[in-house]
Protein chains: 2
Amino acid sequence: MRKQSSTNLENELLINGNCDMAYTLDLIGGRWKPSILWRLAYGAMRYSDLRRSLPAVSERILILQLREMESDGLISRKVYPEVPPRVEYQLTDLGKSLEPVINILTDWGAENRPDSEKRKVRCPVLTIK
Amino acid sequence: MRKQSSTNLENELLINGNCDMAYTLDLIGGRWKPSILWRLAYGAMRYSDLRRSLPAVSERILILQLREMESDGLISRKVYPEVPPRVEYQLTDLGKSLEPVINILTDWGAENRPDSEKRKVRCPVLTIK
DNA sequence: CGCATAACTTACATTTATGTTAGTACTTGA
DNA sequence: TCAAGTACTAACATAAATGTAAGTTATGCG
């Protein structure tokens, strides 16, 4: 829960209200959001698969990030009334429109990230289906 | 001061080590970094002018953000041995290379930010001198 | 002397983001 | 009956980011 008023929140609103770049960063800047975007770029995924593909994130945090992305309109959540339950997440058109943004962020990182900070995987260029 | 070990930090390293996009976001994602980048895009600025142009940020935080950007190689800090002191900050070549990244983040935000979150100013397209 | 200026630093306080653990409802299959 | 699977939620705990207020150093100026 966020405070109703604080300099911290006021500053966030001030910046997101005045700066388009900051607004975009706010939507994609959560710890796990890039990873989620990359996965959903290849098509819809159900919750359990998303979770298994991200073993380091806890359930609560994954759900939090998904909820935020949903309320920001980047992904949609579709519930299939089955047993056991099935919930699929996928990019909305708005989410898909991030493709060039994601690619340029990825390209810049690939170009400039020092080797010391690199591990094995390098995200390939994204082509959303 | 950061903890020497925590799941939080481990996850940050894991993600920045594996995902170029997350690495880029990490460099530009601080609260005041977009605003700083926009200002320095028009040329070097001394600390006091930067500070005056960002009345909402406190000294400590501004310095923190500048120090991080400096240690990430995005800006450089030049001290003129005068009294009173004069310190100028400016984009490095690496910082300047963010121009297309900044522009696409700005374009996407300008296109998709809901009116309700907009204030008066909209950052123009950036052309670094 | 006493004040002003610049670019900070220090100690402290608060807010926000992230993480841990256990528990829920429902049904199928062994 | 009992475990397993699914997609969560709740209560709690910690780490990190951000903010506040005052102090520092050095010198020029009135």
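Chain naming here is simple, since letters A, B, ... match the order of the sequence lines and numbering starts at 1 in each.
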(message) On the side chain of A:Arg60, is there an atom forming a donor-acceptor pair with the base of C:dT18 - under 3.5 Å, no angle test?
(response) yes
(message) Rounded to whole Å, please give me the gap between CH2 in B:Trp32 and C1' in D:dG19.
(response) 10 Å
(message) Can you see if the side chain of B:Arg46 gets near the phosphate of C:dT5 - specifically, an N or O under 4.0 Å from OP1 or OP2?
(response) no
(message) With a cut-off of less than 4.0 Å, is there a side-chain N or O of B:Ser58 near OP1 or OP2 of D:dT20?
(response) no
(request) Mind checking salt bridge (charged side-chain N to carboxylate O under 4.0 Å, His left out) for B:Arg51 and listing every partner two or more places apart, or none if nothing turns up? (result) B:Glu59
(message) What is the separation between atom CG on A:Leu66 and atom P on C:dA17, rounded to the nearest whole Å?
(response) 16 Å
(request) Summarise protein proximity over nucleotides 23-30 of chain D in one line of letters, 5' to 3': B for base, S for sugar-phosphate only, - for none, counting protein heavy atoms closer than 4.0 Å. (result) ----S---
(request) Please round to 10 degrees the angle between the axis of the first five pairs and the axis of the last five pairs in the helix from C:dC1-D:dG30 to C:dA30-D:dT1. (result) 30°
(message) Can you measure A:Lys78 atom NZ to D:dT6 atom P for me and round it to whole angstrom units?
(response) 20 Å
(request) Pick base, sugar-phosphate or nothing for B:Tyr89, based on heavy-atom distances below 4.0 Å to the nucleic acid. (result) sugar-phosphate
(message) If I take atom CD1 in residue A:Ile61 and atom P in nucleotide D:dA15, what distance separates them, rounded to the nearest angstrom?
(response) 14 Å
(request) Tell me, please, which residues at least two apart from A:Val79 pass side chain to side chain contact (heavy atoms under 4.5 Å, CB included). (result) A:Arg77, A:Val87
(request) Compare every heavy atom of A:Tyr23 with every heavy atom of B:Pro114, then report the nearest pair and how far apart it is. (result) CD-OH, 3.0 Å
(message) Check this one for me: any side-chain N or O of A:Arg67 less than 4.0 Å away from OP1 or OP2 of D:dC8?
(response) yes
(request) Please list, chain by chain and in numerical order, all residues satisfying side-chain hydrogen bond (donor to acceptor under 3.5 Å, both in side chains) with A:Asp26, sequence neighbours excluded. (result) A:Asn16
(message) Quick check on DNA chain D: between A:Val79 and A:Asn11, whose nearest nucleotide comes earlier from the 5' end?
(response) A:Val79
(message) Run the side chain to side chain contact (heavy atoms under 4.5 Å, CB included) test against A:Gln90 and tell me which residues pass, sequence neighbours left out.
(response) A:Ala44, A:Ser76
(message) With a 4.0 Å cutoff (strictly under), does any side-chain N or O of B:Thr7 reach OP1 or OP2 of C:dT18?
(response) no
(request) Using side chain to side chain contact (heavy atoms under 4.5 Å, CB included) as the criterion, list what pairs up with A:Ile63, not counting sequence neighbours. (result) A:Tyr47, A:Arg67
(message) Can you see if the side chain of A:Ser6 gets near the phosphate of C:dT15 - specifically, an N or O under 4.0 Å from OP1 or OP2?
(response) no
(message) Any side-chain N or O of A:Arg52 below 4.0 angstrom from OP1/OP2 of D:dT6?
(response) yes
(message) In whole Å, I'd like the distance from the OH atom of B:Tyr47 to the P atom of C:dT9.
(response) 9 Å
(request) Please state whether the phosphate of C:dT18, meaning OP1 or OP2, lies under 4.0 angstrom from any side-chain nitrogen or oxygen of A:Gln65. (result) yes
(request) Please name all residues satisfying side-chain hydrogen bond (donor to acceptor under 3.5 Å, both in side chains) with A:Ser53, sequence neighbours left out, ordered by chain then number. (result) A:Arg39
(request) Provide the closest heavy-atom pair for B:Ala22 versus B:Ile15 in the form atom of the first, atom of the second, distance. (result) CB-CG2, 3.3 Å
(request) Work out which heavy atom in A:Met21 is nearest to a heavy atom in B:Pro34; give both atom names and the distance. (result) SD-CB, 3.8 Å
(message) Counting only side-chain nitrogens and oxygens, does B:Arg31 get under 4.0 Å of the OP1 or OP2 atom of D:dG19?
(response) yes
(message) Testing the basics here: between B:Thr24 and A:Leu105, what is the closest heavy-atom pair and its distance to 0.1 Å?
(response) OG1-O, 2.8 Å
(message) What's A:Glu88 touching, base or sugar-phosphate or nothing? Going by heavy atoms closer than 4.0 Å.
(response) nothing
(request) Send over the distance from A:Leu64 CG to C:dT20 P, rounded to a whole Å. (result) 14 Å
(message) Tell me the interatomic distance from B:Glu70, atom CD, to C:dA7, atom P, rounded to whole angstroms.
(response) 14 Å
(message) Can you list everything that forms a side chain to side chain contact (heavy atoms under 4.5 Å, CB included) with B:Ile61? Sequence neighbours excluded, please.
(response) B:Trp32, B:Val57, B:Ser58, B:Leu64, B:Gln65
(request) Using atom CD of A:Glu12 as one end and atom P of D:dA17 as the other, report the distance to the nearest whole Å. (result) 15 Å
(request) Check whether any side-chain nitrogen or oxygen of A:Arg77 sits under 4.0 Å from OP1 or OP2 of D:dC8, and answer yes or no. (result) yes
